[in-house]
Amino acid sequence: MNVEQLLETAAAMVAPGKGILAIDESTGTITKKLASVDVESKESNRQAYRDMLLTTPDLGEHISGAILYDETIRQKGLSGVSFVDIMNEADIIPGIKVDTGAHPMAGFDGELITEGLDGLRARLKEYAELGARFAKWRAVITIDEENGMPAQANIDANCHALARYAALCQEAGIVPIVEPEILMTGTHDIDTAYDVSELTLKTLFTHLFEHDVLLEGTILKPSMVMAGDKCPEQNGTEEVAEATVNCFLNAVPASLAGVVFLSGGQSEIQATEHLNEMNKLGPLPWPLSFSYGRALQNSALKVWGSNPEANISAGQQELAHRARMNGMATMGDYNSNMESS
Ligand code: 13P
């Protein structure tokens with residue numbers, strides 16, 4: 001294991017003012033995304049959309065890395081230069097999603113287990129050769145109190161897989177992003193979200209410890225601690241920030257290289273405000289940053305999708321703006337007046 005390389009990559013991923021662009025949608029997910037703006041999901045359109053995002057001028061100022069999908073890491077941009085080379089030129093670290101999706105867990109109706117460990121060592125070696133320096137594995141934890149979810153067995157199985165994945169990544173010189181996503185959908189309140197987050201994180205770090213994973217070369221991609229979207233009582237920005245930071249102070253070791261939140265269905269502004277509020281509570285043991293998909297792409301997708309040929313630069317301006325706003329939020333320096341600047 002090349003420890004120095006892992007530490008260097010992990011530190012660069014969470015450098016102050018920077019975060020990660022998640023554009024690793026599987027073909028199924030990107031198809032839905034493009035359909036939402038009436039664009040057909042054929043390879044040339046997926047290439048054009050991701051080209052628009054990755055060639056945004058000065059994107060590297062606030063985006064440290066981007067997570068790609070298998071198709072994209074092998075693809076060239078519209079200029080004929082590979083996406084990996086475009087990113088390296090722009091000082092954006094190439095990353096790759098390596099899990100093969102969340103599938104129904106046998107015996108646990110409604111719960112999901114993420115697959116993709118079979119053959120992972122060989123796939124990681126190939127991805128490293130293609131230029132990937134970090135990877136992502138997403139586990140999905142569902143809260144449904146009436147039906148006793150999540151079951152401890154579901155949390156254990158997902159965290160065990162995350163630890164095996166992380167160990168394989170580090171062996172290949174790739175920084176693992178471990179993502180235990182606790183879904184924001186449901187009627188649960190913030191206290192339940194807190195309890196499930198704490199249990200999941202404590203379980204995850206126990207498994208990472210047992211698998212000898214180097215935390216200084218690992219990045220956590222968690223959900224924020226928030227009430228479910230159908231909970232009648234929604235909490236303010238400060239409450240969400242305090243609950244999340246308190247939960248993490250209880251469950252996340254200080255040696256971890258950094259935390260990059262997923263947005264999970266929050267609006268673009270809400271995701272920025274929550275991140276900013278958390279960073280105002282510092283100093284904290286780890287950098288708190290972002291690895292948003294929807295909360296970085298939504299406006300850019302909408303603008304570009306309304307006229308993909310004419311609106312490349314307009315889409316890029318939307319992405320650059322959100323990247324800058326979230327970059328400010330990683331330092332607790334964001335305020336809503338910046339939205340109009
Ligand atoms: P969202 O920010 O849209 O939740 O996506 C982040 C991600 O990569 C989920 O795996």
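All ligand and atom numbering here is 1-based and tracks the order in the structure. Here the structure is a predicted model, which is why all the values come from computation and not from measurement.
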Peer 1: Please verify the inter-ring angle class for W304 with Y49; under 30° counts as parallel, over 60° as perpendicular, anything in between as tilted.
Peer 2: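 Aromatic pair W304/Y49 classed tilted.
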Peer 1: Tell me if the centroids of the rings in Y127 and F134 come within less than 6.0 Å of each other.
Peer 2: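 No; F134 has its ring centre 6.0 Å or more from that of Y127.
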Peer 1: Run the numbers on E179 and K136 for salt bridge (charged side-chain N to carboxylate O under 4.0 Å, His left out), then give the verdict.
Peer 2: CA-CA 7 Å; E179 178 178 0; K136 171 188 127 171; 3.4 Å; yes
Peer 1: M87 and side-chain contact (heavy atoms from CB on, under 4.5 Å): which partner among L68, I93, I63?
Peer 2: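 When side-chain contact (heavy atoms from CB on, under 4.5 Å) is applied between M87 and each of L68, I93, I63, only L68 qualifies.
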Peer 1: For ligand 1, list all ligand N or O to protein N or O distances below 3.5 Å, rounded to 0.1 Å.
Peer 2:
| residue | atom | partner | partner atom | Å |
| --- | --- | --- | --- | --- |
| ligand 1 | 2 (O) | S263 | N | 2.9 |
| ligand 1 | 2 (O) | S263 | OG | 2.4 |
| ligand 1 | 2 (O) | G293 | N | 2.8 |
| ligand 1 | 3 (O) | R294 | N | 2.8 |
| ligand 1 | 3 (O) | R294 | NE | 2.7 |
| ligand 1 | 4 (O) | G264 | N | 2.7 |
| ligand 1 | 4 (O) | R294 | NH2 | 3.0 |
| ligand 1 | 8 (O) | K136 | NZ | 2.8 |
| ligand 1 | 8 (O) | K221 | NZ | 2.7 |
| ligand 1 | 10 (O) | K136 | NZ | 2.5 |
| ligand 1 | 10 (O) | E179 | OE1 | 3.1 |
| ligand 1 | 10 (O) | E179 | OE2 | 2.9 |

Peer 1: Do E339 and Y334 pair up side chain to side chain, a donor and an acceptor below 3.5 Å, judged on atom types alone?
Peer 2: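 Looking only at side-chain atoms, Y334 and E339 do form a donor-acceptor pair, the distance falling under 3.5 Å.
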Peer 1: Could you list who else is in I141's hydrophobic cluster, with ILVMFWY side chains joined at under 4.5 Å, directly or through other members?
Peer 2: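 Traced through the cluster, I141 reaches I143, I155, I182, V196, L199.
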